[in-house]
Amino acid sequence: MVQILSGKEVSRKVYSDLIPRIDSLKKQGISPCLAVILIGENPASKIYVRSKTRKFESLGLHSKTIHLEKSIDETELIGNIQSLNNTKDIHGILIQLPLPKQMDELKILQLVSPDKDVDGFHPENVGLLSIGHPRFISCTPKGIMRIFDHYNIDLDGKHVVLLGRSNIVGRPMSLLTGTKKKGANATITVCHSGTKYIPDFTSSADVVISAMGVPEFLKGKMLKKGSVVIDVGINRVEADNEKGYRLVGDADWNSIQENVSAATPVPGGVGPMTIAMLVENTVEAAERNMVNS
Ligand code: GUN
């Protein structure tokens, strides 16, 4: 039987563990608050932002979405970010990616105060993670590590193959899984658009973490017997239903069953963990802010 690694279930545990921390902050007059900057009209980004802010609402936490036009002047955007940096009641700031093409992503992410960077995208936070002293860890990789921990999947000595080297998933994931810490300490291979033949690597992987965005790319025959698949892909494919589409991962769910021992489904796998870690990081930011103020 293939074990389903349910991010939905793990996220419930995260939220219940956060309740006493949130209560304790509220007793001290602090309500963790996230500010989200959404630029432009990317439909997927709008859906992601809505599900993040809804989760905050459902937990009785505050969030504020600042929706800006794609054509916004850079000085105005900088002003918006600086104003959030200086607002005491805002504990976390998230700039939804991708940004419109004309914008310089690095320049903009660097404007967010590293102490409010709950996405862990500021170079200072990426640097701290890379030297083994993380402050804020980006939400999807952190959530995947929490799934491993919850299901007692110990990566020590394992071969982990990452499909994708993005700053959001692949790169931080390689730092987390490869670090010399309990539950990690894996040997890492990163496959990317320059990799000649991906099955050469996935076939010897104990764990495959895919963040490619290619629907149902990963097939059972590319995997070793007993391997674990973590599927970060959320892809829309045409379907003969009311919506006209269905969501599928990077893995072909039916096909991988022949070889995997455990896998995350899409939806209900990694997605809920990304949001849970965003809430956790925002609570952590509020706690840290309290200690430092
Ligand atoms: N776009 C896709 N994933 C993410 C994420 O985790 N954070 C932000 N800010 N943008 C994203």
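Quick caveat: nothing in here was measured; it's all calculated off a predicted structure.
No side-chain donor-acceptor contact under 3.5 Å links K116 to the backbone of I93. Proximity of a side-chain donor or acceptor of H122 to a complementary backbone N or O of Q110 within less than 3.5 Å is detected. One N or O on the side chain of N80 and one on the backbone of E76 form a donor-acceptor pair closer than 3.5 Å. The main-chain N or O of S204 is found under 3.5 Å from a side-chain atom of H159 such that the two form a donor-acceptor pair. Under the 3.5 Å distance criterion, the side-chain polar atoms of D117 are left unmatched by any main-chain donor or acceptor of N125. Side chain of Q102 to main chain of K70: a donor-acceptor pair is present (N/O by atom type, distance under 3.5 Å, no hydrogens or angles). Between the side chain of T264 and the backbone N or O of D231 there is at least one donor-acceptor pair closer than 3.5 Å. Formation of a donor-acceptor pair under 3.5 Å by the S83 side chain with backbone atoms of G79 is not found in this model. When atom types are taken as modelled, the side chain of H91 and the backbone of C33 share a donor-acceptor pair closer than 3.5 angstrom. Here the side chain of N85 pairs a donor or acceptor atom with the backbone of L111 at under 3.5 angstrom.
There is no path of hydrophobic side-chain contacts, each under 4.5 Å, that joins Y15 to I19. Note on V266 and V232: separate hydrophobic clusters, where clusters join Ile, Leu, Val, Met, Phe, Trp and Tyr whose side-chain heavy atoms are under 4.5 Å apart, directly or indirectly. Note on L247 and V169: separate hydrophobic clusters, where clusters join Ile, Leu, Val, Met, Phe, Trp and Tyr whose side-chain heavy atoms are under 4.5 Å apart, directly or indirectly.
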Output a table of donor-acceptor pairs, distance under 3.5 Å, between side-chain atoms of residues 178-185 and any protein atom two or more places apart or on a different chain; print 'none' if there are none.
unit_1 : atom_1 : unit_2 : atom_2 : d
N185   : ND2    : D156   : OD1    : 2.9

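Checking each of L278, L94, I66 against V36 for a side chain to side chain contact (heavy atoms under 4.5 Å, CB included) leaves exactly one that passes, namely L94. For the side chain to side chain contact (heavy atoms under 4.5 Å, CB included) with P134, the lone residue among V126, L129, L128 that qualifies is L129.
Residue Q28 qualifies as enclosed at atom CD: its count of foreign heavy atoms under 6.0 Å is above 12. Other residues, nucleotides and ligands contribute only 12 or fewer heavy atoms inside 6.0 Å of the CD atom of E69. Crowding of K8 atom NZ: a count of heavy atoms from other residues, nucleotides or ligands under 6.0 Å not exceeding 12.
Grouping Ile, Leu, Val, Met, Phe, Trp and Tyr by side-chain contacts under 4.5 Å, direct or through others, puts L223 with V2, I4, V161, L163, I198, F201, V208, M212, V214, F217, L218, M222, V229, W253, I256, V260. Here V237 is tied into one hydrophobic group with V248, each link being a pair of ILVMFWY side chains closer than 4.5 Å. Cluster partners of L106, using a side-chain heavy-atom cutoff of under 4.5 Å among ILVMFWY residues and allowing indirect links: none.
Here I230 contributes atom CD1 and T177 contributes atom OG1; the two are 11.0 Å apart, rounded to the nearest 0.5 Å. Going from atom CD1 of I168 over to atom CZ of F121 covers 4.0 Å, rounded to the nearest 0.5 Å. The structure places CD1 of I147 at 8.5 Å from CD1 of I153, a figure rounded to the nearest 0.5 Å. If you take CD1 on I72 and NE2 on H67, they are separated by 10.5 Å, rounding to the nearest 0.5 Å. Interatomic distance, Q96 CD to Y48 OH, rounded to the nearest 0.5 Å: 8.5 Å. If you take NZ on K52 and CD on E57, they are separated by 15.5 Å, rounding to the nearest 0.5 Å.
Contact check for L34 versus K64: no side-chain heavy atoms found under the 4.5 Å cut-off. Side chains of M145 and D149 form no contact here, defined as non-hydrogen atoms less than 4.5 Å apart. In this structure, I144 and M173 have side chains that are in contact, with non-hydrogen atoms separated by less than 4.5 Å. Residues L25 and E287 have side chains in contact (heavy-atom distance under 4.5 Å, counting atoms from C-beta outward). For the pair L176 and I137, the minimum side-chain heavy-atom distance is below 4.5 Å. Within the 4.5 Å cutoff, the side chain of E238 has no heavy atoms near those of the R246 side chain. Residues I234 and P267 form no side-chain contact, since every pair of their non-hydrogen atoms from C-beta on lies 4.5 Å or further apart. Taking the side chain as every heavy atom from C-beta outward, Y151 and S6 approach each other to under 4.5 Å.
Across all their heavy atoms, V118 and A285 have their closest contact at CG1-CB, 4.0 Å. M273 and S11 get closest at one heavy-atom pair: SD-N, 3.6 Å. Between P141 and P172, the shortest heavy-atom contact is CG-CG, 3.7 Å. The minimum heavy-atom distance linking P98 with N42 is given by the pair CG-ND2, 3.8 Å. Counting all heavy atoms, side chain and backbone alike, G164 lies closest to V190 at O-CG1, 3.9 Å. For S227 against A205, the heavy-atom pair with the smallest separation is CB-O, 3.6 Å.
Between R146 and E280, at least one side-chain nitrogen of the basic residue sits less than 4.0 Å from a carboxylate oxygen of the acidic one, meeting the salt-bridge criterion. Ion pairing of E41 with K46 is present here, as a side-chain N (NZ or NE/NH1/NH2) and a carboxylate O approach within less than 4.0 Å. We find that K27 and D23 are not joined by a salt bridge, their nearest charged nitrogen and carboxylate oxygen being 4.0 Å or further apart. With respect to the salt-bridge test (charged N to carboxylate O, under 4.0 angstrom), the residues R288 and E284 qualify.
In this structure, K142 fails the cation-pi test against F136, since its NZ or CZ atom is not both closer than 6.0 Å to the six-membered ring centre and inside 45 degrees of the ring normal.
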Requested in this report: Would you please test S193 and R165 for side chain to side chain donor-acceptor pair (under 3.5 Å) and show each step?
Outcome: CA-CA 9 Å; S193 51; R165 59 181 157 190; 3.3 Å; yes
**Report entry** CA sep, side-chain torsions, deciding dist, call: T187, V160, side chain to side chain contact (heavy atoms under 4.5 Å, CB included)
**Finding:** CA-CA 6 Å; T187 303; V160 173; over 6 Å; no
Query raised in the report: Going through the checks in order, is the side chain to side chain contact (heavy atoms under 4.5 Å, CB included) test met by L68 and L38?
Result: CA-CA 6 Å; L68 304 168; L38 171 66; over 6 Å; no
Query raised in the report: So I39 and M103, side chain to side chain contact (heavy atoms under 4.5 Å, CB included) or not? Walk me through it.
Result: CA-CA 10 Å; I39 308 167; M103 290 186 181; 3.8 Å; yes
Requested in this report: Report the C-alpha distance between C139 and T274 in whole Å, list the side-chain angles of each, state the deciding distance to 0.1 Å, and finish with yes or no for side chain to side chain contact (heavy atoms under 4.5 Å, CB included).
Outcome: CA-CA 5 Å; C139 302; T274 299; 4.0 Å; yes
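For residues 94-114, the pairs satisfying salt bridge (Lys or Arg N to Asp or Glu O under 4.0 Å) are E74-K107, with sequence neighbours left out.
Side-chain contact check for T65 and R50: no donor-acceptor pair (N or O, by modelled atom type) lies under 3.5 Å. D89 and T87 are not linked by any side-chain donor-acceptor pair at a separation below 3.5 angstrom, with hydrogens and angles left out of the test. Under the 3.5 Å distance criterion, with hydrogens and angles disregarded, a donor-acceptor pair is assigned to the side chains of D250 and S210.
Under the rule for a side chain to side chain contact (heavy atoms under 4.5 Å, CB included), the partners of I22 that lie at least two apart in sequence or sit in another chain are L18, K26, L61, V283.
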